[in-house]
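Worksheet: one structure, shown below.
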Amino acid sequence: MNRLKQQLCAALEGRLQGHKVRVPDAGTELLTAFMALSRSRSYHASGPNPITWEALAAWSQMMRNPIPPHHAEIIMALDDVWMRDAARRVVQGNPDAQPALIVSSTPLSAGLFDAMVGG
């Protein structure tokens, strides 16, 4: 799992720096879980708050997607990478700058939508 954690963290770092990166297939679900949790993170006057273990547990329960402890560690490591990038943006004097969103280059079709939501 250490290797997967390193690969995913490196991929996220590259993406946050604006590079096009390839995510390991084994980490797609973990990255998806991290992105869902990251979208719901709270903010305070100095910037974003880290994802909490409670939020991770609540998301896992709500989505009926059990997350083993070693996967939870990877998600939290991804959050550490994201938080370091957010802190770097604040230090550079642009606190309003948001990390680059990861958006698919594949256009949404009816078949893809059905595959994603189970229609």
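- Across all their heavy atoms, His44 and Asn49 have their closest contact at CD2-OD1, 2.6 Å.
- In this structure a side-chain-to-backbone donor-acceptor pair under 3.5 Å is missing from Asn65 to Ser60.
- When each of Leu78, Leu8, Val81, Val21 is paired with Glu13, the side-chain contact (heavy atoms from CB on, under 4.5 Å) condition holds for Val81 and for no other.
- Taken from CG in Leu37 to OG1 in Thr52, the straight-line distance is 8.5 Å, to the nearest 0.5 Å.
- Contact record, Arg22 with Ala11: O-CB, 4.3 Å, taken as the closest heavy-atom pair.
- When the shell of 6.0 Å around CD of Gln61 is examined, it contains 12 or fewer heavy atoms from other residues, nucleotides or ligands.
- Inter-residue side-chain proximity for Trp82 and Pro48 is flagged as met; some heavy-atom pair is nearer than 4.5 Å.
- Rounding to the nearest 0.5 Å places CG of Leu12 at 14.0 Å from CD of Gln7.
- At least one side-chain heavy atom of Phe34 sits less than 4.5 Å from a side-chain heavy atom of Asp79.
- If you take CD1 on Ile75 and CE on Met35, they are separated by 11.5 Å, rounding to the nearest 0.5 Å.
- To the nearest 0.5 angstrom, Glu73 atom CD is 11.0 Å from Leu56 atom CG.
- Distance CG/Leu4 to NE2/His71: 7.0 Å, rounded to 0.5 Å.
- Closest approach of Pro50 and Arg41 over heavy atoms only: CA-NH1, 3.7 Å.
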(request) Begin with the C-alpha distance, continue with both residues' side-chain angles, and end with the deciding distance and a verdict on salt bridge (charged side-chain N to carboxylate O under 4.0 Å, His left out) for Asp80 and Arg84. (result) CA-CA 6 Å; Asp80 290 342; Arg84 279 195 305 271; 5.3 Å; no
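- Nearest heavy-atom pair across Met76 and Ile51 is CE-O, 3.4 Å.
- For the pair Trp59 and Ile67, the minimum side-chain heavy-atom distance is below 4.5 Å.
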